[in-house]
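To start, the structure itself, in structure tokens.
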Amino acid sequence: MSLQNDLSLKVIAAVKELYQVELPTVEFQPTRKDFEGDITVVVFPMLRYVKGNPVQIGSQIGDYLQEHVDEVAKCNVVQGFLNIVIEDSYYLNFFNGIKQETNYGYVKTLLDGAVMVEYSSPNTNKPLHLGHIRNNLLGYSVAEILKASGKKVYKTQIINDRGIHICKSMLAWQKFGEGETPESTGLKGDHLVGKYYVAFDKAYKEQIAALVASGIDKDQAEKKAPILLEAQEMLRKWEAGDAEVVSLWKKMNAWVYAGFDTTYKNLGVDFDKLYYESDTYLLGRDVVKEGLEKGVFFKKEDGSVWIDLTDEGLDEKIVLRSDGTAVYMTQDIGTAIQRVTDFPDINGMVYTVGNEQDYHFKVLFLILKKLGYTWAEQLYHLSYGMVDLPSGKMKSREGTVVDADDLITNMEETAETISAELGKLEGYSEEEKQQLYRTIGLGALKYYILKVDPKKRILFNPEESVDFQGNTGPFIQYTYARIQSILRKANFDVSTALDMTFSLHEKEKELLKGIQQFPETIQLAAENYSPALIANYTYDLVKEFNSFYQQVSILGEPDETKKQFRVQLSQKVGEVIQSAFRLLGIDVPERM
RNA sequence: GGUCGCGUAGCUCAGCUGGAUAGAGCAUCUGCCUUCUAAGCAGACGGUCGAAGGUUCGAAUCCUUCCGCGAUCACCA
């Protein structure tokens with residue numbers, strides 16, 4: 001039973017005894033720093049049930065608590081706030097209870113169904129950029145948070161490996177590629193293919209310009225440019241299973257996958273199951289036909305199938321073209337159902353997709369509900385804001401993108417420069433150093449992106465490099481490294497049981513309160529699908545630790561029991577930092 | 001135009017289901033390395049919480065209207 005629940009019952013009992021009234025709930029908040037106390041009862045809401053002056057009511061409840069609750073040491077009342085000081089022994093007991101616990105704060109997997117988390121889902125015609133990085137980090141982190149909160153999780157992505165955009169890079173490679181391969185050029189496969197996607201666009205624009213110059217109007221030119229017609233023809237051949245086109249498609253996609261694998265590995269993200277759009281794009285049509293019979297959908301005169309969502313405040317939405325082919329929505333309906341077929345224990349899904357698709361997912365979820373799938377109640381669109389540059393939106397065709405691989409390299413180099421200046425790594429091999437620069441560089445990047453609420457858009461200025469001081473990944477990693485340094489120097493068994501009867505330093509108490517909040521923070525982050533809550537929690541804990549570190553001597557403490565306690569406390573803080581950062585996909589270093 | 005999201009310090013962001021004088025970091029300025037890692041700590045400076053109404057004992061938080069920014073409203077994906 002948590003302290004708050006316990007106190008809540010006692011307060012209710014106090015009010016019952018003092019005023020003969022049954023309170024439904026009691027409101028608590030952490031005591032503000034400028035007042036004495038650990039937890040505060042807000043008296044105002046009680047005034048509805050108890051007539052009287054809040055200060056007087058507060059003091060009377062306070063007296064009662066002091067008398068009847070062991071953990072309550074002292075009370076004071078300021079205005080309508082009853083501040084309660086909790087006994088040190090309570091916090092020490094709490095610490096004793098959890099200090100040996102591994103993976104403190106994580107809930108062991110329960111058997112109440114699984115959640116599938118989809119993220120990444122790139123196109124296979126160009127390399128990943130900063131926007132994809134946000135997607136990958138968010139999706140991966142939310143998956144880890146859900147796991148830690150007690151859910152079984154499948155990580156997945158649907159790879160958009162077909163369509164006209166893929167044909168564009170294929171065609172350009174065929175025309176201008178002269179047989180180039182990743183091996184012959186030394187380029188990463190995704191970058192090589194991306195190069196031809198850009199080449200296509202260049203040729204296309206030139207043809208349009210030529211056509212316009214010859215007197216054709218712009219709209220027509222855009223539709224009639226020969227290279228575009230060729231790409232469309234290539235798509236038709238692909239859909240017809242033309243051996244040559246399919247073989248080229250396979251070859252170039254394999255290059256891209258190899259490139260993506262490297263980027264994913266660098267980012268530290270992974271997947272349990274991959275779906276390919278080339279396998280799923282035909283799904284969903286049977287479901288639409290069923291839905292038509294059930295009356296969920298209706299058919300227009302031209303044969304196209306729609307759903308009417310005007311009752312829900314939305315519009316009509318097409319689910320099947322007049323020629324009977326699938327649209328994006330049809331596929332997504334089919335894919336969702338396919339997933340539940342593949343993994344029957346799924347009872348919820350999270351789609352990590354940018355907020356420009358808010359409407360699409362709102363409609364998709366509504367359709368699945370109307371089709372009567374019970375799991376449709378448990379679908380969540382993890383919608384996130386775009387990552388913009390000072391120059392505006394990123395456009396891969398115009399070259400105004402921050403490439404994912406370049407960015408990662410940049411961050412590592414920055415970490416290297418700063419580390420070299422500080423020069424604390426004597427004794428490290430070159431390999432260890434490189435590994436460390438990677439840990440720090442990625443830590444900076446990941447934290448920078450994940451600490452922001454997913455809903456908000458991020459303005460990323462490549463000119464101003466990501467910070468390494470203050471509320472940053474490296475700051476937190478640094479604190480972890482400091483703790484490890486202490487543990488290396490503390491040459492005694494830190495698991496020793498201690499006689500916990502001494503009084504706590506104010507900073508020690510604050511740290512224990514912080515540690516105590518970790519489990520509930522994980523639950524909150526899971527409920528809100530928000531890695532930012534984990535990031536901000538970790539930052540607060542780390543700030544508190546650094547303050548403690550500066551004010552209180554750990555290894556220099558003469559009292560042996562207190563010294564051991566402080567080492568153990570530091571160790572636990574280190575463990576929490578590590579666990580929290582694992583949820584963000586960030587590593588922590590032993591030294592830095 | 002309809003719908004959705006966002007608007008908090010010069011900049012980047014916190015602020016839980018309404019609660020005490022709105023909090024951090026960066027930047028600027030002060031102090032602190034003969035003692036456990038100064039990527040740190042302590043402090044100063046900096047805010048009509050986009051605007052106006054409303055609900056309430058009490059509003060950055062809830063409601064309404066307006067303003068600004070973004071997204072979306074395709075037989076594209």
Side-chain angles (χ1 to χ4, degrees), chain A residues 25 27 29-35 40 42-45 47-48 54 78-81 83 123 160 162-165 277 281 300 302-306 313-315 317-329 331-332 354-360 362 383 385-386 388 393 415 418-419 421-422 424 440 444 448 451-453 455-459 461 464 467-479 481-490 520-521 524 527-528 532-533 535-537 539-540 542-543 546-557 566-567 570 591-592:
Chain A
T25 54
E27 192 174 320
Q29 59 179 283
T31 305
R32 287 181 67 102
K33 290 256 197 277
D34 10 323
F35 300 102
T40 295
V42 187
V43 181
F44 294 108
L47 298 178
R48 202 165 301 168
V78 180
Q79 297 175 34
F81 299 92
N83 302 320
N123 290 341
N160 191 344
R162 63 165 286 279
I164 189 75
H165 48 288
E277 206 190 278
Y281 81 108
K300 291 199 176 174
D302 62 4
S304 57
V305 180
W306 297 71
L314 305 174
D315 294 325
K317 186 85 185 173
I318 189 160
V319 292
L320 210 57
R321 291 194 188 99
S322 49
D323 64 5
T325 56
V327 293
Y328 181 37
M329 187 63 75
Q331 284 177 48
D332 269 3
N355 63 9
E356 74 270 16
Q357 297 201 32
D358 285 357
Y359 185 74
H360 172 78
K362 200 186 257 184
S383 163
M386 295 289 102
D388 289 330
K393 252 188 119 162
I418 294 176
S419 295
E421 277 169 19
L422 295 171
K424 295 180 187 176
I440 298 172
Y448 176 83
K451 77 171 177 188
V452 181
D453 185 299
K455 283 199 299 288
K456 296 196 178 177
R457 29 177 257 173
I458 293 182
L459 188 71
N461 189 344
E464 300 166 16
D467 264 315
F468 282 61
Q469 283 172 355
N471 188 358
T472 67
F475 166 72
I476 292 166
Q477 290 173 322
Y478 174 72
T479 306
R482 265 182 159 178
I483 292 171
Q484 300 318 302
S485 172
I486 288 174
L487 296 180
R488 281 192 296 272
K489 287 182 178 156
E520 48 193 279
T521 303
L524 201 62
E527 282 162 29
N528 291 291
L533 295 178
N536 288 312
Y537 163 80
Y539 176 63
D540 288 338
V542 159
K543 253 182 90 67
N546 278 320
S547 177
F548 161 74
Y549 179 90
Q550 205 80 24
Q551 278 190 37
V552 180
S553 181
I554 299 168
L555 296 173
E557 167 60 42
R566 283 178 189 166
V567 174
S570 303
R591 287 173 58 183
M592 70 184 273

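Chain naming here is simple, since letters A, B, ... match the order of the sequence lines and numbering starts at 1 in each.
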Could you give the distance separating [M] and [N] at their [atom1] atoms, to the nearest angstrom?
N: B:rA52; M: B:rG46; atom1: P; value: 23 Å
N: B:rC26; M: B:rA44; atom1: C1'; value: 16 Å
N: B:rC16; M: B:rC11; atom1: P; value: 22 Å
N: B:rC69; M: B:rU64; atom1: P; value: 22 Å
N: B:rU61; M: B:rG50; atom1: P; value: 8 Å

Exercise. When you match A:Met386 and A:Glu277 each to their closest nucleotide on RNA chain B, which lands nearer the 5' end?
Worked result: A:Met386

Exercise. Which sits closer to the 5' end of RNA chain B, A:Phe35 or A:Trp306, going by the nucleotide each is nearest to?
Worked result: A:Phe35

Problem set entry | Ring centroids of A:Phe81 and B:rA20 base under 5.5 Å with planes under 30° | yes

Are the side chain of [X] and the backbone of [Y] linked by a donor-acceptor contact shorter than 3.5 Å?
X: A:Arg321; Y: A:Ser304; result: no
X: A:Arg566; Y: A:Ser553; result: yes
X: A:Arg482; Y: A:Asn546; result: no

For [X], which contact category applies under a 4.0 Å heavy-atom criterion: base, sugar-phosphate, or nothing?
X: A:Pro54; result: nothing
X: A:Thr472; result: nothing
X: A:Ser383; result: nothing
X: A:Asp332; result: nothing
X: A:Gln79; result: nothing

For this session: May I ask you to verify whether the side chain of A:Thr479 and the base of B:rA39 hold a donor-acceptor pair under 3.5 Å?
Result: no

Could you state the atom-to-atom distance from [atom1] of [X] to [atom2] of [N] in whole Å?
X: A:Met592; N: B:rG40; atom1: CE; atom2: C1'; value: 11 Å
X: A:Arg321; N: B:rA74; atom1: CZ; atom2: P; value: 14 Å
X: A:Lys33; N: B:rG23; atom1: NZ; atom2: P; value: 12 Å
X: A:Lys543; N: B:rA14; atom1: NZ; atom2: P; value: 17 Å
X: A:Asp453; N: B:rG15; atom1: CG; atom2: C1'; value: 12 Å
X: A:Ile418; N: B:rC26; atom1: CD1; atom2: P; value: 13 Å
X: A:Ile483; N: B:rU37; atom1: CD1; atom2: C1'; value: 12 Å
X: A:Phe468; N: B:rG25; atom1: CZ; atom2: P; value: 19 Å

Taking all non-hydrogen atoms of both residues into account, name the closest pair between [X] and [Y] and its distance.
X: A:Val567; Y: A:Ala490; value: CG1-CB, 3.9 Å
X: A:Pro45; Y: A:Glu27; value: CG-OE1, 3.6 Å
X: A:Asn528; Y: A:Leu533; value: ND2-CD1, 3.9 Å

Tabulate protein N/O versus nucleotide N/O from nucleotides 33-36 of chain B, keeping only pairs under 3.5 Å, one per line.
{"from": "B:rC36", "atom 1": "O3'", "to": "A:Lys489", "atom 2": "NZ", "distance (Å)": "3.0"}
{"from": "B:rC36", "atom 1": "O2", "to": "A:Ile554", "atom 2": "N", "distance (Å)": "3.4"}
{"from": "B:rC36", "atom 1": "O2", "to": "A:Leu555", "atom 2": "N", "distance (Å)": "2.9"}
{"from": "B:rC36", "atom 1": "N3", "to": "A:Ile554", "atom 2": "N", "distance (Å)": "3.1"}
{"from": "B:rC36", "atom 1": "N4", "to": "A:Tyr549", "atom 2": "O", "distance (Å)": "2.3"}
{"from": "B:rC36", "atom 1": "N4", "to": "A:Val552", "atom 2": "O", "distance (Å)": "2.7"}

Exercise. Of all the choices, B:rU21, B:rA20, B:rA38, which nucleotide is nearest to the side chain of A:Asp34 once you look at every atom?
Worked result: B:rU21

For this session: Determine, for nucleotides 1-12 of chain B in 5'-to-3' order, which nucleotides have protein heavy atoms under 4.0 Å from the base (write B), from only the sugar-phosphate (write S), or from neither (write -).
Result: ---SSSS-----

For this session: Fit a plane to each ring of A:His360 and A:Tyr328, take the angle between them on a 0 to 90° scale, and name the class: parallel (under 30°), tilted (30 to 60°) or perpendicular (over 60°).
Result: parallel

Exercise. Distance check: side-chain N/O of A:Arg32 vs OP1/OP2 of B:rG15, anything under 4.0 Å?
Worked result: no

For this session: May I ask you to verify if any side-chain N or O of A:Tyr328 is less than 4.0 angstrom from the OP1 or OP2 atom of B:rA77?
Result: no

Exercise. Under 6.0 Å between the ring centres of A:Phe468 and A:Tyr478?
Worked result: no

Quick check: do [X] and [Y] have side-chain heavy atoms less than 4.5 Å from each other?
X: A:Phe548; Y: A:Ser570; result: yes
X: A:Lys424; Y: A:Arg591; result: no
X: A:Arg162; Y: A:Tyr281; result: yes

Problem set entry | Range-with-range stems for RNA chain B, at least three Watson-Crick or G-U pairs under 3.5 Å | B:1-7 with B:67-73, B:10-13 with B:23-26, B:28-32 with B:40-44, B:50-54 with B:62-66

